[in-house]
A.B. asks: 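Please see the structure below; I have some questions.
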Amino acid sequence: MSAFGETGQNGVCKHRPLICSILDPMESLIYWRDVKKSGIVFGAGLITLVAISSFSVISVFAYLSLLALFGTVAFRIYKSVTQAVQKTNEGHPFKEYLELDLTLSQDKVQNIAGVAVAHINGFTSELRRLFLVEDIIDSIKFGVILWVFTYVGAWFNGMTLVILAFVSLFTLPKVYENNKQSIDTYLDLVRSKLTEITDKIRVAIPIGNKKPVAAAESDKDK
């Protein structure tokens with residue numbers, strides 16, 4: 001099973017083929033199915049992020065754009081000279097890419113917007129639930145996570161975290177895929193311990209706990 005989940009991704013592909021067309025190439029990259037492509041994307045992305053951490057975004061964008069423009073112009077001149085010397089007519093070297101359809105249809109935009117709105121609504125609802133203490137245990141766990149983040153923020157700046165996240169994206173999924181059985185064993189152990197501790201806390205602090213359905217119906221009858 002991939003990081004995207006077989007069932008979940010199939011469901012997305014069935015109902016939202018545009019999203020699936022984005023997930024499939026991404027999954028192929030982060031799992032290093034094609035080492036050459038993944039290496040190029042990983043190397044270029046890491047170099048860009050490191051450059052942004054040292055220089056301004058405008059400078060990095062300008063220099064990278066100049067480098068790309070220099071490469072395409074040089075290749076265009078080289079192919080033109082080669083065709084003139086060999087007396088061939090291969091056409092424009094970037095014809096394949098020039099003919100790519102990069103326009104966004106209204107259906108595509110609505111599809112992407114619908115997915116984004118659904119995630120935003122879910123995120124907003126979850127934050128409301130946590131901050132307004134619908135369940136005190138979940139709110140306490142959220143508070144612990146925020147407390148940990150205060151230390152993470154003191155140790156690393158935002159750009160360093162982005163670089164670490166990018167590196168993790170291209171390493172952790174492959175490590176998990178190669179060591180799935182042993183990692184799942186430890187994860188299940190940790191999950192069971194956390195569930196056990198959470199249940200004990202819920203018993204000790206019943207505030208905010210939802211009543212069982214049977215109890216709720218009994219109270220309603222009274």
A.B. asks: Going by the angle between their ring planes, with limits at 30° and 60°, are Phe42 and Phe170 parallel, tilted or perpendicular?
C.D. replies: tilted
A.B. asks: Taking Thr72 for its side chain and Leu69 for its backbone only, find out whether a donor-acceptor pair lies under 3.5 Å.
C.D. replies: yes
A.B. asks: First locate atom CD1 of Ile30, then atom CD of Glu27, and finally report the distance between them rounded to the nearest 0.5 Å.
C.D. replies: 6.5 Å
A.B. asks: Could you walk me through whether Lys37 and Ile40 pass the side-chain contact (heavy atoms from CB on, under 4.5 Å) check?
C.D. replies: CA-CA 5 Å; Lys37 288 183 179 180; Ile40 292 174; 5.9 Å; no
A.B. asks: Show the numbers, then the answer: is there a side-chain contact (heavy atoms from CB on, under 4.5 Å) between Phe61 and Ile52?
C.D. replies: CA-CA 9 Å; Phe61 174 77; Ile52 291 176; over 6 Å; no
A.B. asks: List the residues meeting side chain to side chain contact (heavy atoms under 4.5 Å, CB included) with Val162, not counting sequence neighbours, and say none if there are none.
C.D. replies: Leu49, Met159
A.B. asks: Does Ser53 reach the main-chain N or O of Val50 with its side chain, forming a donor-acceptor pair under 3.5 Å?
C.D. replies: yes
A.B. asks: In Å, rounded to the nearest 0.5 Å, how long is the span from CG of Leu187 to OG of Ser192?
C.D. replies: 10.5 Å
A.B. asks: Has Leu132 got more than 12 heavy atoms of other residues, nucleotides or ligands less than 6.0 Å from its CG?
C.D. replies: yes
A.B. asks: Hey, any chance Ile77 and Val85 share a hydrophobic cluster, counting ILVMFWY side chains that come within less than 4.5 Å of each other, even indirectly?
C.D. replies: yes
A.B. asks: How close do Pro173 and Ser168 get, counting heavy atoms only, and between which atoms?
C.D. replies: CD-O, 3.3 Å
A.B. asks: Find out if a path of hydrophobic residues (ILVMFWY) with successive side-chain heavy-atom gaps under 4.5 Å connects Val57 to Leu46.
C.D. replies: yes
A.B. asks: Which residue in the set Trp147, Phe149, Phe131 passes ring pair (Phe, Tyr, Trp, His ring centres under 6.0 Å) when paired with Phe142?
C.D. replies: Phe131
A.B. asks: Cluster question for you: counting only ILVMFWY and a side-chain heavy-atom cut-off of under 4.5 Å, with indirect links fine, are Phe75 and Leu100 together?
C.D. replies: yes
A.B. asks: Report yes if some heavy atom in the side chain of Arg76 is under 4.5 Å from a heavy atom in the side chain of Pro93; otherwise report no.
C.D. replies: yes
A.B. asks: Considering all heavy atoms of both residues, which atom of Tyr31 and which atom of Glu177 are nearest to each other, and what is their separation?
C.D. replies: CD2-OE1, 3.5 Å
A.B. asks: So how far is it from Glu90 CD to Ser80 OG, rounded to the nearest 0.5 Å?
C.D. replies: 10.5 Å
A.B. asks: Would you compute the distance between atom CZ of Phe94 and atom CD of Glu99 and round it to the nearest 0.5 angstrom?
C.D. replies: 14.0 Å
A.B. asks: Just checking, is any N or O donor in the side chain of Arg128 or Thr124 under 3.5 Å from an acceptor N or O on the other one?
C.D. replies: no
A.B. asks: Kindly work out whether a path of hydrophobic side-chain contacts (I/L/V/M/F/W/Y, heavy atoms less than 4.5 Å apart) joins Leu189 to Ile197.
C.D. replies: no
A.B. asks: Let me confirm one number: the NZ-CG distance from Lys141 to Leu194, rounded to the nearest 0.5 Å.
C.D. replies: 8.0 Å
A.B. asks: Between the side chains of Thr160 and Asn157, does any donor sit under 3.5 Å from an acceptor?
C.D. replies: yes
A.B. asks: Starting from Leu169, can I reach Val35 by hopping between I/L/V/M/F/W/Y residues whose side chains sit under 4.5 Å apart?
C.D. replies: yes
A.B. asks: Can you name the nearest heavy-atom pair linking Ser38 to Ser28, along with the distance?
C.D. replies: OG-O, 3.8 Å
A.B. asks: May I ask you to decide if Asp107's main-chain N or O and Asn111's side chain share a donor-acceptor pair within less than 3.5 Å?
C.D. replies: no
A.B. asks: Rounded to the nearest 0.5 Å, how far apart are OG1 of Thr198 and CG of Asp138?
C.D. replies: 8.5 Å
